[in-house]
2 protein chains.
Amino acid sequence: MIARRTTIKDVAEAAGVGVATVSRVLSGGSASAETRERVLDAATRLDYRPSALGRNLRQQRAGGIALLVPDITDTFYARLADGVLSCARSYREPVTIGVTGDDPEQEADLVGALLEQGIDRVIAVPSGDVETWSPALKAGLSVVFADRRIWDAGRLIDEIPAVIADDRAGVRTAVEYLLGLGHRRIAFLARHGQSQRVASFREAMGEHLDEELVAHARASRDSAYATAAGLLQRRTDLTAVLAGGNVLGEATVSAARELDLRIPRDLSLIMFDDVPWAELCSPPLTVIAQPAQDLGYRAAELTLRQGRRPRTIQLPTELIIRGSCGPRRPGSSGH
Amino acid sequence: MIARRTTIKDVAEAAGVGVATVSRVLSGGSASAETRERVLDAATRLDYRPSALGRNLRQQRAGGIALLVPDITDTFYARLADGVLSCARSYREPVTIGVTGDDPEQEADLVGALLEQGIDRVIAVPSGDVETWSPALKAGLSVVFADRRIWDAGRLIDEIPAVIADDRAGVRTAVEYLLGLGHRRIAFLARHGQSQRVASFREAMGEHLDEELVAHARASRDSAYATAAGLLQRRTDLTAVLAGGNVLGEATVSAARELDLRIPRDLSLIMFDDVPWAELCSPPLTVIAQPAQDLGYRAAELTLRQGRRPRTIQLPTELIIRGSCGPRRPGSSGH
DNA sequence: AAGTATGCTGGAATCGTTTCCATGATTGCT
DNA sequence: AGCAATCATGGAAACGATTCCAGCATACTT
């Protein structure tokens, strides 16, 4: 025999008031001091916990927020998620996580599931474009983008608030550093969805840009490795690589070892995102650090702080120079 | 002017049937072929999606499952979460994630929040003990443990299904390997909650066990580093370390570098859990690999496959020998 | 052909909360 | 003192689904 859970009705009865009054007291409405005390007392005595189920139905929306990331095993997104979770925690809001695999179709699918669940606030690292997201907005979803934004035929969609790192500055600094070391054949390894970084790379490279040295990988480790290895084998003349994320950086190091290229002697490498192991790697990796956890925290703040219209936030990146870049060796035209 | 969402009532009207019939058709109940077609047709025409809110209230439970992990930025738990997410995905069940920080109090708090949300299925890497979890069970929660189990005054609680790795064999193999290399002063770096691994370590070490060489850290990277550095500084006679998780392994490598101890010359290291960077580390780390993703997947299966009573599952570990262990150097009594 | 079994169907109750609205009491002002 | 304004209060509706139950038609049995 399982005890029925205590409802607002039980509390009302125990306190000798109506349910409306109990609801008001508990959600901070107005009530006389005496009534308030009676209700609060009854509630604690009965160990009453309001059911989110009833509330959700009435309010036509489930509490909590959703977080959509391409891949939760990617340390960067894990840290971003941690930021979101930690902020949501302080608001006592549950967080539902979905993995998109950088696939617009899966993403749209997940958004549909959210709507069905009544969750109407979502933080997303978008994989799709306007076509994926405008239906979501029309359906009443309140969206905040993190890490990336979306484009519509080359035009930036800035109606949707976003929290992003300053890719442009990060890429520019990294490229300038490499150019300064004498490198000219510099490759950029991107994953799908990193159009902003690719654009920044093109811009920063200027006349030295070689379009064939911009490679794209999918969200998996396998794809990252295949892309990195393919690039290194195809273009033996390149002397430096800029990896758009830690998974790509890791893949580049692995591929370079496999091909017997020594870093930084034969190949210089800069990787996006500082991860704990970057320092433990041999050689320690030069990275463009991004405030991953903060990105998530801020995004959650924008989502949860209902108040003034949220605006887009850009956080700084930082080039941390370690040991994975060296001067282009004179006399050698690549490896 | 926002369009009201279409409800089951709209569908019933459009199909010229009662709401009860629509509900039955949509959830696979019996209905005549003609009615079924009319309802299905109306549903697609109106693009009807049942509201989880209404259903949840009626069924007195929210769909979906919850996952409680100590730390989502720990690659191991991220991979475990990935397994859970990927299984839940195929059942179209949303997953709510909570971070406990290995703190029983936070854990109890999160469980309370779940109950309030009406979520009644949870996969947890438990931090607390029976006192935390028996109230949860009494409240009707269906729990599956992952990675760890809980103990009550030394007695294993095996009523709760669990999916765990074979710690005992993993530790035993690792210790035997180290003993075989001549090491005697072997330390174990554990995090709170890893009582099973500690117990296995004690057992495997037998007469060589030095209780002072068993150190405990909290869930954070800082704590892991502090514990590792403290141990290495305090006991300069130790020659090998077994780290209970990848964060502890990483901390040990960092601390060893800081203290100018060379691996494996001055210190041998075996780390629990194979992570991508273990191979990139210098030297590549010898690890006890655990099927993290599979652990999560199986746990989700147990949770979601409502059917026969779920039983505890144990998955194998594997010692992967790389370059972080060497023979104890004769003549040297430690570093 | 009459009685019974079977199967489809729709009205209505239900889940627990919030919120609208009407009522009664109290206070303040002229 | 009388009237208006303010405030606390509780009954009842609403949210959208599922499911019980009774009603009715059809098919089957004897």
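Everything numeric here is computed off the predicted structure, so don't read it as measured data. The sequence lines fix the lettering, A, B, ..., with proteins before strands; numbering per chain opens at 1. No hydrogens, no waters, no symmetry mates; every other heavy atom, side chains included, goes into these values.
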### Query
Side chain of V17(A): nearest nucleotide among dG16(D), dT17(C), dG10(D)?
dG10(D)
### Query
What is the distance from atom CD of Q293(B) to atom OG of S86(B), rounded to the nearest 0.5 Å?
5.5 Å
### Query
OP1 or OP2 of dA8(D) less than 4.0 angstrom from a side-chain nitrogen or oxygen of T35(A), does that happen here?
no
### Message
Which nucleotide wins on minimum distance to the side chain of A31(B), given the candidates dA17(D), dT9(C), dG16(C)?
### Response
dT9(C)
### Query
Taking only side-chain nitrogens and oxygens of S32(A), does any of them come within less than 4.0 Å of OP1 or OP2 of dT9(D)?
yes
### Query
Between dG7(C) atom C1' and R36(B) atom CZ, what is the distance in whole Å?
13 Å
### Query
Counting only non-hydrogen atoms, which of residues 108-120 of chain A are less than 4.0 Å from DNA chain C?
none
#### Entry: Residue list, salt bridge (charged side-chain N to carboxylate O under 4.0 Å, His left out) with E301(A), at least two apart or on another chain
none
Kindly give the atom pairs (protein nitrogen or oxygen, nucleotide nitrogen or oxygen) under 3.5 Å for nucleotides 5-7 of chain D.
none

### Summary
Residues passing the salt bridge (charged side-chain N to carboxylate O under 4.0 Å, His left out) test with R218(B), sequence neighbours excluded, are none
### Message
Tell me the interatomic distance from E13(A), atom CD, to dG16(C), atom C1', rounded to whole angstroms.
### Response
15 Å
### Task
Starting from C1' on dA14(D), measure out to CG on N56(A) and report it in whole angstrom.
15 Å
What pairs of nitrogen or oxygen atoms, one from the protein and one from nucleotides 19-21 of chain C, lie under 3.5 Å apart?
from    : atom 1 : to     : atom 2 : distance (Å)
dT19(C) : O4'    : R58(A) : NH2    : 3.4

### Query
Under a 4.5 Å cut-off applied to non-hydrogen side-chain atoms, are L68(A) and V125(A) in contact?
no
### Message
Considering only residues two or more places apart or on different chains, which pairs with a residue in residues 94-103 of chain A satisfy salt bridge (charged side-chain N to carboxylate O under 4.0 Å, His left out)?
### Response
D102(A)-R148(A), D102(A)-R191(A)
### Query
Which is true for G18(B) with a 4.0 Å heavy-atom rule: it touches a base, it touches only sugar-phosphate, or it touches nothing?
sugar-phosphate
#### Entry: Touch class at under 4.0 angstrom, heavy-atom based, for L53(A) against every strand present
nothing
### Task
Report the residues that fulfil side-chain contact (heavy atoms from CB on, under 4.5 Å) with T35(A), sequence neighbours left out, ordered by chain and then residue number.
V17(A), T21(A), S32(A), V39(A)
### Query
Which whole-number value in Å describes the distance from E34(B) CD to dC8(C) P?
13 Å
### Task
Under the salt bridge (charged side-chain N to carboxylate O under 4.0 Å, His left out) rule, collect the residues that match up with R24(A), sequence neighbours excluded.
none
### Task
State, with a plain yes or no, whether a side-chain heavy atom of I65(A) is found less than 4.5 Å away from one of I123(A).
yes
### Summary
Looking only at dT18(C), dG16(C), dC15(D), the nucleotide nearest the L57(B) side chain is dG16(C)
### Task
Would you kindly give the NZ-to-C1' distance between K9(B) and dA12(C), to the nearest whole Å?
12 Å
### Query
Rounding to a whole Å, what distance do you find between Q60(B):CD and dG16(D):C1'?
14 Å
### Query
Between atom CG in L26(B) and atom C1' in dG16(D), what is the gap in whole Å?
13 Å
### Task
If a pair satisfies salt bridge (charged side-chain N to carboxylate O under 4.0 Å, His left out) and one of its residues is in residues 52-72 of chain B, list it, with sequence neighbours excluded.
R61(B)-D120(B)
### Task
Using the test salt bridge (charged side-chain N to carboxylate O under 4.0 Å, His left out), find all partners of D82(A) that sit at least two apart in sequence or belong to another chain.
none
### Gap between atom CG of L46(A) and atom CD1 of I8(A) - 0.5 Å precision
12.0 Å
### Message
Applying ring-ring contact (aromatic ring centres under 6.0 Å, His included) as the test, list every pair that has at least one member in residues 103-141 of chain A; sequence neighbours left out.
### Response
W133(A)-F145(A)
### Terminal axis angle for the helix from dA1(C)-dT30(D) to dT30(C)-dA1(D), five pairs an end, nearest 10 degrees
40°
### Task
Taking atom CZ of R311(B) as the centre, report whether more than 12 heavy atoms of other residues, nucleotides or ligands fall under 6.0 Å from it.
no
### Task
Please report, rounded to the nearest Å, how far the C1' atom of dA17(D) is from the CG atom of D10(B).
13 Å
### Under 3.5 Å side-chain donor-acceptor pair for Q60(A) and R5(B)
no
### Task
Let me know, please, whether R38(A) or A52(B) comes out on the 5' side of the other along DNA chain D by nearest nucleotide.
R38(A)
